[in-house]
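As structure tokens, the structure follows; a few thoughts come after it.
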Amino acid sequence: MEEVRSTLLVQEFAGMGSKAVPRQYVVQREDHLAIAATAAIPIVDLGRLSQPDDNGDEVVKLQQAMETWGLFLVTNHGIEGALMDDMMNVSREFFHQPLEEKQKYTNLIDGKHFQPEGYGNDQVKSDTQILDWLDRLYLKVDPADERDLSVWPKHPESFRDVLDEFIIKCDGVKNSLLPSMAKLLKLDEDYFVRQFSDRPTTVARFNYYPQCPRPDLVYGIKPHSDATILTILMVDNDVGGLQVLKDGVWYDVPTKPHNLLINLGDHMEIMSNGIFKSPVHRVITNPEKERISVVMFYLLNLEKEIEPALELIDEKHPARYKKVKIMDYLAGLFEHFLQGTRVIDTLKI
């Protein structure tokens with residue numbers, strides 16, 4: 001291991017062909033990555049789930065996923081395979097551009113002041129911080145009138161149009177799932193849809209994980225859970241790396257071409273009073289292949305307060321989480337992420 005702290009973006013360092021990794025990426029020995037089993041997560045046919053007269057099996061699979069794994073694959077989701085390929089291709093093309101082109105969208109103002117949106121890495125807050133082996137592009141996409149187009153890539157030329165279409169299609173997937181999720185809790189089927197009626201926030205994140213010479217020593221992304229209602233992921237068809245924690249065991253999440261992965265977030269766990277699970281997950285790297293994922297994070301209005309749905313609370317089922325404003329929840333998120341802890345645990349009653 002090199003005893004220097006690299007200041008390069010991960011993709012640039014990986015391109016140098018070193019057989020070592022800089023020390024700021026090396027995780028603690030007790031966290032070194034072990035081989036994981038493959039998760040038997042359900043695959044839900046979204047088309048059938050939306051048919052009230054022919055959805056029994058899909059409802060059962062959805063309930064199993066929501067209450068155990070906290071994530072599931074969806075097929076027959078209404079997003080054309082060609083659009084998914086286009087979105088992945090323009091994402092890959094963006095990351096394969098020269099550094100000076102990507103740096104036009106940097107998340108460092110004047111080269112030193114960090115902002116969440118744009119291209120780069122996570123914020124570095126100390127010399128002892130363990131960094132993740134990825135570069136990313138982070139864009140706020142909704143509300144649409146709050147988009148900062150100065151950090152939206154102009155190249156590839158089709159990037160913005162493809163992303164616009166992908167945003168619309170993923171929003172449709174989210175809106176198709178939410179009524180079924182509400183009905184599983186015996187809530188009004190529009191319960192969760194209503195929560196999104198007042199200027200919700202959607203963030204798109206494009207993750208690039210370069211090949212890594214020592215995947216046993218680094219994280220692509222540290223273990224964490226998502227501060228969302230739900231998250232929609234599109235991952236590389238042939239390069240795995242996502243793992244989920246269940247009952248103290250890490251499992252590989254399988255990939256299937258043109259399926260989407262739905263990941264429940266902390267805010268859904270809170271609003272369901274713990275019936276639905278927000279899973280802890282991480283990403284490991286690959287010694288030979290790069291990996292790309294496109295992720296859509298769905299949050300409510302940042303000024304909104306969330307708490308367990310009142311319909312789920314009674315004497316036998318007391319509230320398990322305190323009320324919290326989403327903006328306050330997000331304020332402490334990164335510090336907890338760095339420490340390997342979760343904000344949601346601080347809200348348990």
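No experiment lies behind these values; they were computed from the predicted model shown. These numbers come from the heavy atoms of this one structure, side chains and all, not from hydrogens, waters or symmetry mates.
Both L302 and M296 are members of a single hydrophobic cluster when ILVMFWY side chains are connected at heavy-atom separations under 4.5 Å. Hydrophobic clustering (side-chain heavy atoms under 4.5 Å, transitive across Ile, Leu, Val, Met, Phe, Trp, Tyr) groups V10 together with M16. A single hydrophobic cluster is not seen to contain both M268 and I313; linkage of ILVMFWY side chains at heavy-atom distances under 4.5 Å, directly or through other members, places them apart. At a threshold of 4.5 Å between side-chain heavy atoms, the hydrophobic network of Ile, Leu, Val, Met, Phe, Trp and Tyr places L149 and V151 in one connected group. Residues I43 and V60 are members of separate hydrophobic clusters, defined by side-chain heavy-atom contacts under 4.5 angstrom among Ile, Leu, Val, Met, Phe, Trp and Tyr.
Inter-residue side-chain proximity for L245 and H281 is flagged as unmet; no heavy-atom pair is nearer than 4.5 Å. For the pair Y209/E290, no side-chain contact is recorded, criterion being any heavy-atom separation below 4.5 Å from C-beta on. Proximity of R291 to V283: side-chain heavy atoms (C-beta onward) are separated by under 4.5 Å at one or more points. Between R282 and I221 there is no side-chain heavy-atom pair separated by less than 4.5 Å. Inter-residue side-chain proximity for M88 and M234 is flagged as met; some heavy-atom pair is nearer than 4.5 Å. T228 places none of its side-chain heavy atoms less than 4.5 Å from the side chain of D266. The shortest side-chain heavy-atom distance between P200 and L299 does not fall under the 4.5 Å cut-off. Using a 4.5 Å heavy-atom threshold, the side chains of M84 and D86 count as separate.
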Please tabulate, for the side chains in residues 235-242, all donor-acceptor contacts under 3.5 angstrom to protein atoms that are two or more places apart in sequence or on a different chain.
from, atom 1, to, atom 2, distance (Å)
D236, OD1, R92, NH2, 2.7
D236, OD2, I292, N, 2.8

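Between the side chain of N259 and the backbone N or O of L73 there is no donor-acceptor pair closer than 3.5 Å. With hydrogens and angles ignored, the 3.5 Å screen pairs no side-chain donor or acceptor of D132 with any backbone N or O of L134. Between the side chain of N107 and the backbone N or O of N121 there is at least one donor-acceptor pair closer than 3.5 Å. At least one donor-acceptor pair closer than 3.5 Å links the side chain of K222 to the backbone N or O of I130. When atom types are taken as modelled, the side chain of Y329 and the backbone of I344 share a donor-acceptor pair closer than 3.5 angstrom. Between the side chain of S272 and the backbone N or O of F276, at least one donor-acceptor pair lies under 3.5 Å. The main-chain N or O of L139 is never found under 3.5 Å from a side-chain atom of R205 such that the two would form a donor-acceptor pair. Panel note: side chain D190, backbone V193; no donor-acceptor pair is recorded below 3.5 Å. Side chain of Q11 to main chain of F95: a donor-acceptor pair is present (N/O by atom type, distance under 3.5 Å, no hydrogens or angles). No side-chain donor-acceptor contact under 3.5 Å links T106 to the backbone of Q103.
Here NZ of K322 is found 6.5 Å from CG of L347. Values are rounded to the nearest 0.5 Å. Taking NZ of K348 as the reference point, atom CD of E269 lies at 6.5 Å (rounded to 0.5 Å). Residue K61 holds its NZ atom at 11.0 Å from CZ of F72, rounded to the nearest 0.5 Å. Note: I229 CD1 to T202 OG1 = 11.5 Å, rounded to the nearest 0.5 Å. Atoms CG and CG, on D57 and L49 in that order, are 11.0 Å from each other to the nearest 0.5 Å. Note that the CG atom of L217 and the CZ atom of R23 stand 15.0 Å from one another [nearest 0.5 Å].
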Original post:
When you look at M66 and L62, which way does the side chain to side chain contact (heavy atoms under 4.5 Å, CB included) test go after all the steps?
Top reply: CA-CA 6 Å; M66 303 275 283; L62 180 65; 4.0 Å; yes

Original post:
Yes or no on side chain to side chain contact (heavy atoms under 4.5 Å, CB included) for K325 and E303, after CA distance, side-chain angles and deciding distance?
Top reply: CA-CA 6 Å; K325 181 184 284 191; E303 295 291 339; 3.3 Å; yes

**OP:** Run the numbers on L233 and L260 for side chain to side chain contact (heavy atoms under 4.5 Å, CB included), then give the verdict.
**Re:** CA-CA 6 Å; L233 298 90; L260 294 170; over 6 Å; no

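Checked against ring-ring contact (aromatic ring centres under 6.0 Å, His included), Y191 has no partners two or more places apart in sequence or in another chain. Residues forming a ring-ring contact (aromatic ring centres under 6.0 Å, His included) with W152 (at least two apart in sequence, or on another chain): none. For K304, there are no salt bridge (charged side-chain N to carboxylate O under 4.0 Å, His left out) partners, not counting sequence neighbours. Residues satisfying the side chain to side chain contact (heavy atoms under 4.5 Å, CB included) test with K140, not counting sequence neighbours, are E117, P143, E146, T201.
The residue from L261, L264, I262 that alone fulfils the side chain to side chain contact (heavy atoms under 4.5 Å, CB included) condition with L71 is L261. Among the candidates D45, V44, L177, L46, the single residue satisfying the side chain to side chain contact (heavy atoms under 4.5 Å, CB included) test with H77 is L46. Put simply, the residue from Y138, F94, Y105 that forms a ring-ring contact (aromatic ring centres under 6.0 Å, His included) with Y119 is F94. When D142, N301, D145 are each tested for a side-chain hydrogen bond (donor to acceptor under 3.5 Å, both in side chains) with R199, only one passes: D145.
Checking D85 against H258 by side-chain atom types alone, a donor-acceptor pair falls below 3.5 Å. At a cut-off of 3.5 Å, with distance as the only test, a side-chain donor of Q243 or D252 sits close to an acceptor on the other residue. Donor-acceptor pairing under 3.5 Å is recorded for the side chains of E67 and Q63.
A pairwise comparison of heavy atoms in Y321 and N273 identifies CE1-C, 3.9 Å as the closest pair. When all heavy atoms of L185 and F192 are compared, the closest pair comes out as CD1-CZ, 3.8 Å. Shortest non-hydrogen contact noted between A14 and W133 is CB-CZ2, 4.2 Å. Here the closest non-hydrogen pair linking S225 and P279 is CB-O, 3.5 Å. Looking at every heavy atom in both residues, R342 comes nearest to S278 through NH2-O, 3.1 Å. Closest approach of I232 to C170, counting heavy atoms only: CD1-O, 3.5 Å.
Cation-pi contact between K277 and W69: absent, since separation from the ring centre below 6.0 Å together with deviation from the ring axis within 45° is not met.
No salt bridge links K154 with E157; every basic N to acidic carboxylate O contact stays at or beyond 4.0 Å. By the 4.0 Å N-to-carboxylate-O rule, K316 lies too far from D314 to be salt-bridged with it.
The salt bridge (Lys or Arg N to Asp or Glu O under 4.0 Å) contacts involving residues 164-178 comprise E80-K169, R147-D164, D171-K174, where partners must be two or more places apart or lie in separate chains.
Ring orientation note: the planes of F206 and F159 are tilted relative to one another, at an angle of 30° to 60°.
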